[in-house]
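Accompanying notes for the structure given below.
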Amino acid sequence: MKISLKLICLIVLCLIVNRSFAQQQTIDQKVDALLGKMTLDEKIGQLNQYNGDWEATGPVTKDVGNKLDEIKQGRVGAVLNIMGTDHCRTFQDAAMKSRLKIPLLFGQDVIHGYSITFPIPLAEAASWDMEAIEKAERIAATEASASGINWTFAPMVDIARDPRWGRVMEGAGEDPYLGSQIAIARVKGFQGNGIGSPDAVMATAKHFAAYGAAIGGRDYNSVDMSLRTLWEIYLPPFKAAADAGVGTFMNSFNDLNGIPATGNSYLQRDVLKGAWKFKGFVVSDWGSIGEMINHGYAKDNYEAAQEAITAGSDMDMESRSYINNLAKLVADKKVPVTLIDDAVRRILRKKFELGLFDDPYKFINPDREKTALNRPENLEAARDMARKSMVLLKNDNNLLPLSKNLKTVALIGPLVKAEKELKGFWSLDVDQNKGIVSLMEGMKNHAPDTKFVYAEGCTITAESHNGFAEAVAAAKKANVVVMAMGEAPDMTGEAKSRSNIHLPGVQEELIRAVKATGKPVIVLLMAGRPMVFNWTADNVPSIVYAWWLGTQGGNAMADVLYGDYNPSGKLPITFPRSEGQIPIYYNHYNTGRPAKSDTDLFYVSAYNDLRNSPQYAFGHGLSYTTFEYQNLELGKFKPSVKGLKPIQVSFMIKNTGKRAGEEVVQLYIRDMVSQPVRPIKELKDFKKITLQPGEIRRVTFTIKRDELAFYNDKLERITQPGTFQIMIGSASDYIRLQKSFELTN
Ligand code: BGC
């Protein structure tokens with residue numbers, strides 16, 4: 001019986017594999033047949049992408065002819081920033097008038113939601129909740145694909161260790177393991193049941209590669225790093241996205257060790273299309289092919305086009321280098337037509353997979369558009385995602401959660417009434433910002449019997465103290481004060497790097513003034529990056545980091561403040577004590593002179609004017625309940641590199657408080673002696689566990705060979721014998737349990 005069941009499973013599996021192989025084969029045949037009919041100009045047209053009519057994130061080439069006419073001539077393969085079924089239809093109609101009727105791709109930066117705005121990606125990363133993140137992207141894809149979009153320029157999977165960099169808000173933070181898991185969740189969410197499903201959009205892993213390591217955190221700056229760091233830290237999320245089946249990659253603006261990513265054949269040909277066997281296509285970043293002239297890498301657009309196509313950039317976004325130069329490059333025998341064919345094949349294959357040749361209007365369905373946006377159940381999911389994204393940084397004396405029976409609560413600060421600001425950078429204005437819930441509204445919804453007194457106190461950036469007196473008076477009238485402070489939403493995002501990441505303006509002075517009233521003060525901080533707020537961190541009893549939480553932000557903040565949701569977020573990035581401490585990240589090397597304590601200065605690797613620890617460490621985040629960790633055990637395993645079998649690590653965790661809560665348990669490993677050296681700890685796994693009060697549960701992790709492996713100086717992935725330390729933490733700086741084991745040769 002058992003055997004026949006196995007046999008049946010095997011036959012079914014073979015049939016499935018065979019079917020998808022056959023499908024792919026027919027797509028390849030269709031691509032080849034179409035390619036055979038195309039003129040060189042039509043091929044080059046497929047490699048050309050134009051922006052719509054508005055300037056988005058870069059200069060639009062203007063007055064160079066009518067885009068719709070160019071589409072009719074088969075000179076355009078994709079467009080971006082064309083939204084809504086009406087608008088998309090106009091463009092697709094034009095494509096249908098071209099000789100070969102090759103449909104257009106409609107690309108859009110659907111970064112954290114389409115009509116419903118979800119928390120910014122960095123905030124979602126703080127949830128460490130892969131299911132919720134996947135669901136958020138699923139909803140974004142459902143909305144976008146009902147509105148004409150079939151391709152999103154997301155997820156951004158750039159690792160970022162520098163909060164000065166404005167685009168830190170767009171990624172998953174500093175860690176390659178967490179970043180990889182989130183990359184997978186996002187790709188799965190966007191692409192749903194696969195490219196071609198009517199409610200899926202093709203995803204893009206960007207920006208390939210190492211864009212997040214711009215020197216000094218200044219956007220578009222150069223990147224200079226060892227290949228080992230590239231492979232250890234920056235490439236893993238890209239590899240994870242490729243393995244998860246992401247349709248496309250976008251290259252990046254930066255140069256990597258002197259070679260612009262757009263013209264970098266090591267990255268695009270050797271690694272991505274070579275070693276990783278990536279079958280999708282690579283789109284340039286906005287104008288990045290032409291920008292190789294500014295880099296000093298190409299003399300003109302002719303040379304830039306040659307470098308880019310040779311290096312494996314398949315589609316030119318907005319620089320017009322391909323459309324204006326590739327034909328001549330072929331005629332001059334500088335670019336073989338086989339290179340162009342390869343790029344066209346990759347693009348056509350995706351258009352076939354999306355089903356656009358069967359129905360170019362597949363995603364342009366006004367009826368679907370009318371019903372798919374802003375659905376109540378999706379707004380509820382956005383609220384849930386927002387709750388999960390908040391991080392309780394501090395909660396002395398359990399000031400939080402608030403009672404709903406408080407007589408008077410003062411709401412103070414420049415962001416109390418913020419609505420559209422809550423959407424943060426990279427959000428879309430699909431629905432004219434209808435239905436966004438402010439903090440004030442959220443609080444009132446939760447505690448209808450409480451009297452709320454409001455004072456703005458100060459603006460986000462101005463230096464004026466004029467509103468302080470009113471704010472202090474409001475605080476004096478209240479039982480508790482909630483202050484909503486932070487950055488402006490456009491202080492993070494593309495081209496939004498800052499040298500000063502302190503809480504802006506006079507906001508921290510306002511917090512001091514209000515705190516001086518003696519009233520209990522809770523500070524909510526909204527921002528797209530880690531900010532510096534040392535006085536607040538040292539003196540205010542309760543601090544919640546609320547990032548930019550999107551459409552449902554106000555409700556979600558109130559859910560957390562009133563304890564309807566017990567916070568569970570953990571920081572996906574280290575919070576520094578000052579800009580001078582940057583880059584600061586948890587997975588650093590020990591150095592030859594590590595500091596022995598937070599204040600140790602005696603000829604050790606430290607700053608003389610600052611404590612050694614960060615303000616808040618990677619993985620930090622509190623709950624309204626408490627968790628106890630006990631009994632770390634390693635299962636039996638063969639302790640030799642050669643015979644290494646998966647190692648079971650298990651421990652008990654108990655909810656010792658009075659509320660149900662979720663805890664993100666984090667598994668870190670340190671390879672104690674190694675050549676080259678390894679970081680003092682590296683996240684290798686995590687689980688988010690829900691426990692009722694008093695509940696105790698066993699948690700098991702499985703460590704496999706790859707978790708003990710690393711790249712040596714020849715970029716070979718190896719496992720070395722020696723001592724490994726296993727650490728179970730509730731934060732990278734709060735290790736609850738640890739044990740070591742020896743691996744022999
Ligand atoms: C950004 C990309 C984005 C593109 C299109 C560029 O400036 O770097 O991330 O996808 O614009 O909007």
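One-based numbering, in listed order, for ligands and for the atoms of each.
- The aromatic ring centres of Trp151 and Phe281 sit less than 6.0 Å apart.
- Asn48 places a side-chain heavy atom less than 4.5 Å from the side chain of Tyr50.
- Considering only residues two or more places apart in sequence or on other chains, Arg345 meets the salt bridge (Lys or Arg N to Asp or Glu O under 4.0 Å) condition with Asp32.
- Checking Asn301 against Asn325 by side-chain atom types alone, no donor-acceptor pair falls below 3.5 Å.
- Those atoms of ligand 1 that come under 4.0 Å of a heavy atom in Phe153, given as number and element, are 10 (O).
- Residue contact check: Lys206 has heavy atoms under 4.0 Å from atoms 2 (C), 3 (C), 9 (O), 10 (O) of ligand 1.
- Nearest to atom 1 (C) of ligand 1 by heavy-atom distance, out of Glu170, Met156, Glu494, is Glu494.
- For ligand 1, the atoms lying closer than 4.0 Å to a non-hydrogen atom of Phe253 are 6 (C), 7 (O), 8 (O).
- Ser427 is listed as a side-chain neighbour of His112, based on a closest heavy-atom distance under 4.5 Å.
- Set against the non-hydrogen atoms of His207, the atoms of ligand 1 under 4.0 Å away are 2 (C), 8 (O), 9 (O).
- Listed by atom number, the atoms of ligand 1 under 4.0 Å from Met250 heavy atoms are 2 (C), 10 (O).
- At a heavy-atom cutoff of 4.0 Å, ligand 1 is contacted by no atom of Gln108, backbone or side chain.
- Using a 4.0 Å cut-off between heavy atoms, Leu80 contacts ligand 1 through its side chain alone, with no backbone atom that close.
- Residue nearest to atom 10 (O) of ligand 1, selected from Asp285, Asp109, Asn51: Asp109 (by heavy-atom distance).
- Ser313 contributes a side-chain N or O that, together with a main-chain N or O of Thr262, makes up a donor-acceptor pair within less than 3.5 Å.
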Would you sort out whether Ser115 and Asn374 count as a side-chain hydrogen bond (donor to acceptor under 3.5 Å, both in side chains), showing the intermediate values? CA-CA 7 Å; Ser115 183; Asn374 308 321; 2.8 Å; yes
